[in-house]
Every structure is written in structure tokens, then in C-alpha cells.
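Everything numeric in this text was worked out from a predicted model, so none of it was measured. Chain naming here is simple, since letters A, B, ... match the order of the sequence lines and numbering starts at 1 in each. These values consider heavy atoms only, across backbone and side chains, with no hydrogens, waters or symmetry-generated copies.
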Amino acid sequence: MSDHIGDEQQVNAEPPAAPPPPWWQRILIGRRPKRTLVRLCLLVVACLFLFSVVLLPIRVEGISMDPTYRDRQINFINRWAYRITLVPAVWDGQGQFLSRLSVNWRHIQRGDVVGIRYSGPHVMLLKRIIGLPGERIAIKRGIVFIDGKALAEPYIRKPMARWWEPEITLKANQYFIIGDNREMPGPSHVHGPIDGQRIVGKILF
Amino acid sequence: LKRVVYLGVAVLAIALSVWGLQRLFLSDEAAVRNRLGKLAAAASFGPKESPFVRLTYGDGLASFFTSDVVVNLTGVPTDVTQIQGRDKLRDLARIGRANFQQLSVRLLDIQPVVEADRRTATVHLTVIAEGDGEKNAIVQELKLLLRKEDGKWLVSQMDTVRIIEH
């Protein structure tokens, strides 16, 4: 008798099954709101980190990089482009590694389109690097010469104006920047040697 | 849930207290930023200003500079390369005001460094000026030297900074 009563009590102690959440709640906050909240917080933190530390959103203004980057175009500057990069290990497929996982320093290369800061990262110049430290650079009739040799510039799609710049030798940590729009008159196009410290990062797209 | 609400209220109260204290007791850097913000506002003007406001434009702007201010304009396509003194600056501001219907001046990336004596400061900033009829804004990095006179930070020297190192 007592066993029977005990069984009844056990059955009564079980909570009634909760009704399933309505469809709109499942879509908006999921079946488990606490987990959704944690995921949302993580996503916000990741976005804040990504867009304040790594990628700088920019809007191109002006025509000096036309037609590669047009006026009012949105893009990003990758601030970590010239920091350390991980080089993955190479596996030969037969049980041996040909090279280890390593860390490399990426250098600024000719042809890179970079963001160049003024006093801070909120206003930048967007230009292409054509001269590297120590090189001799000159522009004759619109053609760029590096150490006396004409530079092939496949990214220029507009006819070049006859710019003329006397030869200069770039100092250590000095880069020569220029825009892709060589159609415009030289004096109204910001170009020349800059200090490498001013380079914020490389354009993403 | 109660605990979360209490925690939220506590965080909000702390944030408000910190913000209030910062507003009450401005650090020198914050005071310099604040002053430069007012300078940008004083330099800007719209098309619908009263004639009286137009007349006082030069005086308002000059009040942000010391009487012996020196402005060096190197690498800028202007006829004037140096402006010496607040009176000269005031006159040029008046002439400039007469040539424009509207002007928007923004100071960005303000980086103040207050010296140990807390009477002088060096500031690097980027100015963006958009006048009427101008297709592109003028962007220029500036280096300012500020001096504290009668409790106010005044610009004693202004130099243009060249990005292109020719």
C-alpha cells in the first residue's frame, strides 16, 4: 500500500512538459535564449575587434586612384598586412613534413595599394607603392623609371599625361607613392616619397 | 534575472560617475581637445549668418591664438608663407570670410602631448576644410604649439606638416 502511494507521489512530482516556444521566438532568439545571448556577445566582441584593430573601413574620395578604386567606393585597410603572417607547414603526404609551421614578416612590395595616414587613421591617402627604399626613381614623359629601367605598370588603364619628375634616391624606410590615374595633371596629383611609418596597411579588395 | 539587473545598474552608475568626474575635472589633454573643438566650430560658418556674426568672425577666431602667434604655411599652394601676429591673422580671416558663403572645418585625429610644466602642449591633427564651390575638401596635417594663458589654451604656433618628403 505504502509502495503504491509512493509511486503516485513520484508521478505527481514530475513537472509538466513545457509548451514549445512560438515560431517567432525560435527565429528571433532561438530555442535557448541564454546560448543565443552568449553567441551574440561573442559576435559583437569579434566584430569590434576585427573592425577596430585589424580592418579599417574606408570610403574612397577623389579620382587619383581611378579607375582601380573609384570615388565613393567602400573598402577596407588591413592593418595587419605588414605584420607577422603564419606560413603553414608543408606535408609530403608520406608521413613527413617538408617544412615546419613558421612565422614570417611581410614586407611592403612594389604595386601594393596602401593607406597612408595623416596625423591619425581617420583620414588617409590611398596610393600605390612604386618605389622601395634605396631605389632611384624618376618619371619621364609619364613613364616611371626605377634604377634607370622603365617600370611596367599593367594597372594603368588611362592614357598617361606627360609627367616629369627629376630622379631622386629614396632613403631608408622611404617609399614612393603614386595614384593610378595618370591622366590628371601632375601638380594636382599627390605623389612622391613618404616615410614608411605613415603606412597604415594594405587595401583588402 | 534580478542579479543581472542589479549588475547592469551598478555598471551604469559607475560609468556615469566616471563620465561626470571627467567632465568636472578635465585633464589637460581633454581641455586641449575641447578647446580645439571650439576653434573648429568658430572657424566654420554657414550661408545664413547675420551680418553682425560675419563682422565678428575674425575676432572670434583670433581669440584662440596668442598675440605673438606664428603660422608657417610650407608646402601649401598659397601666396602667403608666414603669418605673424594675431592682428594679421584676424585681418586675413576677415578677408577669407568675405570670399566664402560657407565653410566647414573639422579637426580629426587630435593627438595632444602636454609638457611636464603643464603650460605648453604640442598637438598633431588633421584639418579638413570644405568651402562652397570646392569639389574636393582641403586635407592638411598640422602641428600646433599651445600655451596656457589665463587658464585658456591658446595657439602660439601653427605649422603645416608635409606628408610628401621632397
Could you check which of A/Val190, A/Leu125, A/Asp195 has the highest count of heavy-atom pairs closer than 4.5 Å to chain B? A/Asp195
Which of these, A/Lys127, A/Met65, A/His189, sits in a side chain to side chain contact (heavy atoms under 4.5 Å, CB included) with A/Ile178? A/His189
If one checks every heavy atom of A/Ile168 against chain B at 4.5 Å, the contacting part turns out to be neither
Honestly, the part of A/Gln197 sitting under 4.5 Å from a heavy atom of chain B is neither
Say whether, by atom type as modelled, one donor and one acceptor occur between the side chain of A/Gln25 and the main chain of A/Pro22 under 3.5 angstrom. no
Would you call A/Glu153 and A/Arg182 a salt bridge, using N to O less than 4.0 angstrom? yes
Looking at A/Ile77, A/Ile116, A/Ile177, which one forms a side chain to side chain contact (heavy atoms under 4.5 Å, CB included) with A/Leu126? A/Ile77
Need one label for B/Leu142: side chain, backbone, both or neither, based on atoms under 4.5 Å from any heavy atom in chain A. neither
